[in-house]
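Structure first, then comments.
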Amino acid sequence: MKIGEFSHRSGISVRMLRYYEQEGLLQPNRRESGYRDYGEAEEQLVRRIRMLSTAGLKLDTIKQLLPCVLSDRPDFRL
DNA sequence: CTTCTTACA
DNA sequence: TGTAAGGA
């Protein structure tokens, strides 16, 4: 789906969606048109990013601990 | 009209 | 984070 619909369903502004990508938190595929293409992967990932963000964590911090929160089951094998 | 990027408030 | 500009 395009960024507009994804923004609506995720509740995150288009601005922030592009910013998240800029920060390396999201890597949506690009279409030949150059448009970002969002799917299931981004769907779940954004939910976790949103939770951590709501928890008061800075984007920078979220970026760092994303690897241990990527799975649906917390991965504490650090 | 929607999206893209860069840049400014 | 929002909005403006210029182009596709």
Side-chain angles (χ1 to χ4, degrees):
Chain A
M1 71 183 99
K2 295 199 305 298
I3 196 171
E5 185 188 342
F6 189 68
S7 173
H8 180 83
R9 303 208 305 188
S10 63
I12 295 174
S13 68
V14 171
R15 180 73 162 84
M16 284 303 99
L17 251 21
R18 298 188 180 128
Y19 183 55
Y20 284 172
E21 180 183 8
Q22 193 185 316
E23 294 301 289
L25 272 65
L26 243 43
Q27 344 358 115
N29 296 323
R30 291 301 186 110
R31 304 192 177 182
E32 307 194 9
S33 61
Y35 287 17
R36 273 163 263 249
D37 198 16
Y38 295 88
E40 291 304 310
E42 290 70 36
E43 200 82 73
Q44 305 182 313
L45 190 48
V46 168
R47 288 182 184 176
R48 292 185 211 114
I49 292 176
R50 204 191 48 183
M51 292 197 287
L52 297 171
S53 184
T54 302
L57 294 175
K58 288 168 298 187
L59 235 55
D60 187 272
T61 303
I62 297 176
K63 191 203 312 178
Q64 296 185 302
L65 80 177
L66 218 46
C68 86
V69 191
L70 282 180
S71 62
D72 46 333
R73 245 55 77 185
D75 182 358
F76 293 121
R77 301 172 306 172
L78 297 177

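Chain A is the first sequence line, chain B the second, and so forth, proteins listed ahead of strands; every chain is numbered from 1.
No side-chain heavy atom of Leu25(A) sits under 4.5 Å from any side-chain heavy atom of Val46(A). Counting heavy atoms from C-beta on, the side chains of Tyr19(A) and Gln22(A) come closer than 4.5 Å. Residues Phe6(A) and Ile12(A) fail the side-chain proximity criterion, which asks for heavy atoms closer than 4.5 Å. Looking at heavy atoms from C-beta onward, Arg50(A) lies out of side-chain contact with Ser10(A) at the 4.5 angstrom threshold. Side-chain contact between Ile3(A) and Tyr35(A) is absent, with no heavy atoms from C-beta onward closer than 4.5 Å.
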### Query
Base, backbone or nothing for each nucleotide of nucleotides 2-8 of chain C, written B, S, -, heavy atoms under 4.0 angstrom, 5' to 3'?
BB----B

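Note on Arg31(A): nothing from the nucleic acid sits closer than 4.0 angstrom, heavy atoms only.
Under the 3.5 Å distance criterion, the side-chain polar atoms of Glu42(A) are matched with a main-chain donor or acceptor of Gly39(A).
Remark: P of dT1(C) and NZ of Lys58(A) are 15 Å apart, rounded to the nearest angstrom. The CZ-P distance, from Arg18(A) to dT2(B), rounds to 12 Å in whole Å. Straight-line distance from the CG atom of Asp37(A) to the C1' atom of dT3(B): 13 Å, rounded to whole Å. In this entry the distance linking CG of Leu17(A) with C1' of dT1(C) reads 13 Å, nearest Å. As rounded to whole Å, 11 Å separates atom C1' of dT3(B) from atom OH of Tyr38(A).
Under a hydrophobic-cluster definition in which Ile, Leu, Val, Met, Phe, Trp and Tyr are linked whenever side-chain heavy atoms come within less than 4.5 Å, directly or via other members, Leu45(A) and Leu65(A) are assigned to the same cluster.
Listed in residue order, the members of residues 21-28 of chain A having a heavy atom less than 4.0 Å from DNA chain C come to none.
No more than 12 heavy atoms of other residues, nucleotides or ligands sit less than 6.0 Å from atom CD of Glu40(A).
With Asp37(A) as the fixed residue, the side chain to side chain donor-acceptor pair (under 3.5 Å) test singles out one of Arg31(A), Arg30(A), Lys2(A): Arg31(A).
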### Query
Could you write out DNA chain B as a dot-bracket string, with dots for unpaired bases, | for bases paired across to another strand, and Watson-Crick or G-U pairs counted at under 3.5 Å?
.|.||||||

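Checked for salt-bridge contact, Glu43(A) and Arg48(A) miss the test: no charged N lies under 4.0 Å from a carboxylate O.
To the nearest 0.5 Å, the span separating CZ on Arg18(A) from CD on Glu23(A) amounts to 15.0 Å.
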